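Computed from a predicted model, the values in this text were never measured in an experiment.
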Amino acid sequence: MRSSLDGRRMQSARMDKGKAMICGVILAGGEARRMGGQDKGRLLLRGQSLYAHVIDRARPQVDHLILSANGDPALYADLGLDVVADGAFAAMGPLGGVLAALRAAKMLGAQRVMSFASDSPFFPSDIVAKLCAAQGHDALVFAEDQSGGIHPTFALWDVDLADPLAAELRGGGRKMRDVMARLGGVSAPLDACEQAFFNINTKADLEQAAEMAL
């Protein structure tokens, strides 16, 4: 499956290499079996899709935003985002999407990738700035809420981690926390409550999210 982010679009979207640019990626996720196999990103929360909620929060925080998704890129044309497919790593979970994003971001001239979960619409509106401040010399930092909960899908990755991550995936690495730990990832404590990272997996979760959004 080809990505919609082809060479011509890469050239037109190329970032200013003189600045430390950040490319954001929304991880579209898997089959959502607990939601009947539908695309969770299309679920409506107070009249907007989850994709729309995540895009609204993520876009102002990064220099360029892409979507990691497999299948026909035309299915996501309404979102206005470049779509990057996992390719050979399509069956390897969210880390396959991160790898595709790292490679795409490097072609765009970005130095870092910020990953966002597509089913968590309440993440902090300044999470990228906070992770950048916490990163220091670490190549990989991920969110930790004020209760100590770890949220590895919300992470800031150095693009040079692409090859080490590919090696992990080829070696059978699948669990995000384990792979990220082997890559030297560290958690960054944030002044955000656990609900800020609430993710929607079931219809009951969606109903709860609607109440949270009031």
Side-chain angles (χ1 to χ4, degrees), residues 1-7 9-10 13-15 17 20-32 39-41 51 54 58 61-73 75-76 79 81-120 123 127-128 131-132 135 138-143 150-188 199:
M1 181 69 229
R2 288 182 57 200
S3 163
S4 72
L5 198 59
D6 58 26
R9 296 191 71 179
M10 283 287 192
R14 191 169 298 277
M15 301 178 188
K17 289 188 177 182
M21 309 299 278
I22 298 175
C23 179
V25 59
I26 298 173
L27 303 172
E31 299 176 357
D39 184 347
K40 284 196 294 183
Y51 282 135
V54 174
Q61 302 191 57
V62 296
D63 299 293
H64 189 70
L65 186 62
I66 62 179
L67 176 71
S68 166
N70 298 304
D72 186 354
L75 295 174
Y76 306 98
L79 300 180
L81 301 179
D82 292 317
V83 181
V84 176
D86 300 354
F89 299 93
M92 299 186 180
L95 288 173
V98 171
L99 175 58
L102 291 173
R103 289 173 168 170
K106 192 165 188 177
M107 292 179 66
L108 288 168
Q111 285 74 46
R112 289 174 288 183
V113 165
M114 176 69 203
S115 57
F116 303 92
S118 63
D119 58 359
S120 298
F123 60 89
I127 188 172
V128 177
L131 288 181
C132 284
Q135 186 174 27
D138 296 304
L140 171 59
V141 292
F142 49 92
I150 299 299
H151 307 280
T153 50
F154 288 91
L156 191 63
W157 301 71
D158 189 294
V159 295
D160 288 337
L161 287 173
D163 288 344
L165 176 56
E168 283 283 343
L169 293 175
R170 293 190 187 99
R174 298 293 181 272
K175 293 183 179 180
M176 288 197 77
R177 293 191 189 187
D178 293 347
V179 170
M180 292 167 82
R182 289 194 292 271
L183 293 176
V186 296
S187 64
N199 66 303

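Rounded to the nearest 0.5 angstrom, Met114 CE and Leu131 CG are separated by 5.0 Å. Atom CG of residue Leu183 and atom CE of residue Met176 lie 10.5 Å apart, to the nearest 0.5 angstrom.
Listed for the Ser115 side chain is a donor-acceptor partner under 3.5 Å among the backbone atoms of Ala155. Under a 3.5 Å cut-off, the side chain of Asn70 and the backbone N or O of Ala85 do not form any donor-acceptor pair. Under the 3.5 Å distance criterion, the side-chain polar atoms of Arg112 are left unmatched by any main-chain donor or acceptor of Cys23. Within the 3.5 Å criterion, the main-chain N or O of Leu27 finds no donor-acceptor partner in the side chain of Ser68. Checking side-chain atoms of Gln135 against main-chain N and O of Val141 turns up no donor-acceptor pair under 3.5 Å.
Of the listed residues (Val54, Val84, Asp82, Ile26), just one forms a side-chain contact (heavy atoms from CB on, under 4.5 Å) with Leu67, and that residue is Ile26.
In this structure the side chain of Arg182 reaches within 4.5 angstrom of the side chain of Glu168, judged on heavy atoms. Taking the side chain as every heavy atom from C-beta outward, Leu95 and Phe89 never approach each other to under 4.5 Å. In this structure, Val83 and Leu75 have side chains that are not in contact, with every pair of non-hydrogen atoms separated by 4.5 Å or more. For the pair Val98/Val113, no side-chain contact is recorded, criterion being any heavy-atom separation below 4.5 Å from C-beta on.
Ring-plane geometry between Phe116 and Phe154 is classed as perpendicular, the angle between the planes exceeding 60 degrees on a 0 to 90 degree scale with a lower cut at 30.
A donor and an acceptor atom, one from each side chain of Asn199 and His151, are nowhere located under 3.5 Å apart.
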Requested in this report: Check the pair Met92 / Asp86 against side-chain contact (heavy atoms from CB on, under 4.5 Å), numbers first and verdict last.
Outcome: CA-CA 9 Å; Met92 299 186 180; Asp86 300 354; over 6 Å; no
Report task. Show your reasoning for whether side-chain contact (heavy atoms from CB on, under 4.5 Å) applies to Val25 and Trp157. Result -> CA-CA 11 Å; Val25 59; Trp157 301 71; over 6 Å; no
Report task. Test Arg174 against Leu169 for side-chain contact (heavy atoms from CB on, under 4.5 Å), laying out the working first. Result -> CA-CA 7 Å; Arg174 298 293 181 272; Leu169 293 175; 4.2 Å; yes
Report task. Could you check Ile66 against Leu81 for side-chain contact (heavy atoms from CB on, under 4.5 Å), going step by step and ending with a plain yes or no? Result -> CA-CA 5 Å; Ile66 62 179; Leu81 301 179; 5.8 Å; no
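Scored by the salt bridge (Lys or Arg N to Asp or Glu O under 4.0 Å) test, Asp119 finds Lys40 as partners (sequence neighbours excluded).
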